[in-house]
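What follows is a single structure, written as structure tokens, with notes after it.
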Amino acid sequence: MSYFRPFVRNWIPPVMRSWVQHLRSRGICFEGEFPTWEAACARCTGYSAEDILAKVLAATLQVKQGTAAFERDSVLFEEIEYVWPVVAGLTAVAARNAGTLNVLDFGGALGSSYFQHLRLLSTLPSVRWNIVEQPHYVEAGQAFIQDKQLRFYTSIEECLAENRPNVILLSSVLQYLAEPAETFRTLLDMGTDSVILDRTIINCSMSDRIYVQHVPSFIYSASYPCRSFSESSLLTLACAKYHLTADFQSISFPALERIKSHFKGYIFSQGAAT
């Protein structure tokens with residue numbers, strides 16, 4: 001089973017974030033629906049993981065060295081674009097844990113969300129950020145990115161052997177998993193303080209929908225399966241273990257609107273519902 005989202009966007013020079021978002025969505029399309037994940041996979045051309053990793057690593061190193069503000073899917077930004085609901089969710093966890101923030105960032109590339117929000121989170125007394133990723137990402141992360149706060153692991157179990165995370169972050173990852181419910185249940189069963197989802201593709205129907213996402217050649221020539229989740233089904237799964245504390249609209253993506261879907265985020269927490 002593939003645990004991680006593909007990183008399929010090409011590197012471009014730093015530009016204004018509104019123009020970047022337009023560029024990144026232009027030409028991307030979704031084919032389907034497909035009856036099964038396997039049927040969608042049969043229509044996919046795949047992508048060169050090593051080429052993508054090289055672009056993500058080059059962009060992340062620029063961020064780490066301070067020559068770019070942050071990167072998302074290997075695209076560099078001149079200005080930090082905070083995801084304020086995610087910041088609120090993370091700092092709330094720290095406040096409930098004596099200032100300690102220990103994140104399990106599942107499918108977090110080479111630290112996109114970490115570097116994006118580091119300026120704000122660095123004011124906390126204790127921050128540990130643990131990324132669970134594909135082996136070749138972990139190898140690159142450990143060799144070039146890792147430090148005392150940011151660590152890389154190839155599995156949930158490996159991470160838990162060294163850590164006690166108090167929050168789980170899944171940003172644009174669930175929809176690209178072959179078995180998302182199984183993985184999500186495993187993470188929910190960890191019993192962390194909170195679980196935060198961002199950039200998750202959802203729809204308002206009663207069923208998940210399977211598509212092939214096509215990325216044009218001027219960005220990165222690739223196609224791969226993805227899901228648009230039934231929001232009600234996703235919430236039922238999460239709320240079997242957690243309370244829904246907040247939900248929020250994530251970034252705009254016109255191609256999703258054409259399949260009656262959109263990006264959304266959620267914060268699930270332990271304890272009494274608010």
Side-chain angles (χ1 to χ4, degrees), residues 2-15 17 19-21 23-25 27-28 44-83 86 103-119 129-147 149-155 158-159 169-177 198-201 213-226 250-251 253 263:
S2 172
Y3 286 159
F4 310 103
R5 65 184 173 95
F7 303 99
V8 297
R9 289 139 176 110
N10 205 350
W11 182 91
I12 59 174
V15 287
R17 60 177 177 264
W19 184 83
V20 168
Q21 185 55 47
L23 177 63
R24 293 175 69 233
S25 63
I28 293 176
C44 295
T45 61
Y47 58 97
S48 173
E50 293 301 330
D51 288 349
I52 296 164
L53 173 57
K55 293 179 173 66
V56 174
L57 178 58
T60 304
L61 286 172
Q62 289 199 49
V63 175
K64 185 176 177 67
Q65 294 161 4
T67 58
F70 83 100
E71 65 82 30
R72 181 190 293 139
D73 300 337
S74 82
V75 175
L76 288 168
F77 290 72
E78 285 184 331
E79 300 176 7
I80 296 178
E81 185 179 301
Y82 295 115
V83 183
V86 171
V103 181
L104 193 164
D105 184 357
F106 187 83
L110 293 179
S112 297
S113 294
Y114 171 78
F115 289 111
Q116 181 179 4
H117 300 105
L118 181 59
R119 183 178 298 177
W129 199 283
N130 313 285
I131 293 176
V132 176
E133 256 296 352
Q134 302 174 86
H136 61 301
Y137 273 81
V138 172
E139 183 178 357
Q142 290 176 344
F144 300 105
I145 307 297
Q146 184 166 284
D147 56 30
Q149 287 191 164
L150 178 62
R151 314 293 288 183
F152 293 85
Y153 302 92
T154 57
S155 69
E158 184 184 7
C159 176
L169 176 64
L170 301 107
S171 181
S172 192
V173 59
L174 277 182
Q175 57 260 26
Y176 299 113
L177 304 183
D198 187 28
R199 291 193 293 150
T200 302
I201 300 176
Q213 182 172 336
H214 293 276
V215 180
S217 58
F218 74 87
I219 299 177
Y220 192 93
S221 184
S223 60
Y224 44 88
C226 71
S250 194
I251 61 174
F253 207 77
F263 280 128

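Not measured: the values here are computed from a predicted model.
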**Message:** On a heavy-atom basis, which atom in Ile251 and which in Arg72 lie closest, and how many Å separate them?
**Reply:** CD1-NH1, 4.3 Å
**Request:** May I have the step-by-step check of ring-ring contact (aromatic ring centres under 6.0 Å, His included) for Phe152 and Tyr137, ending in yes or no?
**Result:** CA-CA 8 Å; Phe152 293 85; Tyr137 273 81; 9.1 Å; no
**Fill in**
Of all heavy-atom pairs linking Leu150 and Asp147, the shortest is N-OD1, 2.7 Å
**Message:** Between Glu158 (side chain only) and Val132 (backbone N and O only), is there a donor and an acceptor less than 3.5 Å apart?
**Reply:** no
**Item:** Partner residues of His214 under the side chain to side chain donor-acceptor pair (under 3.5 Å) criterion, sequence neighbours left out
**Value:** Glu31
**Residues that Gln116 engages under side chain to side chain donor-acceptor pair (under 3.5 Å), provided they are two or more places apart** = none
**Prompt:** So, the side chain of Thr67 versus the backbone of Gln62: is there a donor-acceptor pair under 3.5 Å, distance only?
**Reply:** yes
**Asked** So do the side chains of Leu110 and Lys64 get within less than 4.5 Å of each other, counting heavy atoms only?
**Response** no
**Request:** To the nearest 0.5 angstrom, please state how far the CD1 atom of Ile201 sits from the CD atom of Gln213.
**Result:** 6.0 Å
**Prompt:** So, do Phe77 and Phe70 have ring centers that fall under 6.0 Å from each other?
**Reply:** yes
**Complete:** Value for CG (Leu169) from CG (Asp198), rounded to nearest 0.5 Å, stands at 7.5 Å
**Message:** Nearest 0.5 angstrom please: Leu118 CG to Gln149 CD, how far?
**Reply:** 6.5 Å
**Heavy-atom closest pair, residues Ala109 and Ile131** = O-CG2, 3.5 Å
**Message:** Quick check for you: to the nearest 0.5 Å, what is the distance between Leu76 atom CG and Thr60 atom OG1?
**Reply:** 8.0 Å
**Complete:** Rounded to the nearest 0.5 Å, the OG atom of Ser172 sits from the CZ atom of Phe263 at a distance of 5.0 Å
**Asked** What residues form a ring-ring contact (aromatic ring centres under 6.0 Å, His included) with Phe144, not counting sequence neighbours?
**Response** none
**Request:** May I ask you to decide if Asn130's main-chain N or O and Asp105's side chain share a donor-acceptor pair within less than 3.5 Å?
**Result:** no
**Request:** Taking Gln175 for its side chain and Thr200 for its backbone only, find out whether a donor-acceptor pair lies under 3.5 Å.
**Result:** no
**Fill in**
All heavy atoms of Phe106 vs all of Leu170, minimum pair found to be CD2-CD2, 4.0 Å
**Request:** Identify the two heavy atoms, one from Glu71 and one from Ala59, that lie closest to each other, and give their separation to 0.1 Å.
**Result:** CB-CB, 4.1 Å
**Message:** Could you check whether any side-chain heavy atom of Tyr114 comes within less than 4.5 Å of a side-chain heavy atom of Val103, counting everything from C-beta outward?
**Reply:** no
**Message:** For the CD1 atom of Ile145 and the CG atom of Leu61, what is their distance to the nearest 0.5 Å?
**Reply:** 4.0 Å
**Request:** Please report the shortest heavy-atom distance between Glu133 and Gly108, naming the atom on each side.
**Result:** OE2-N, 3.6 Å
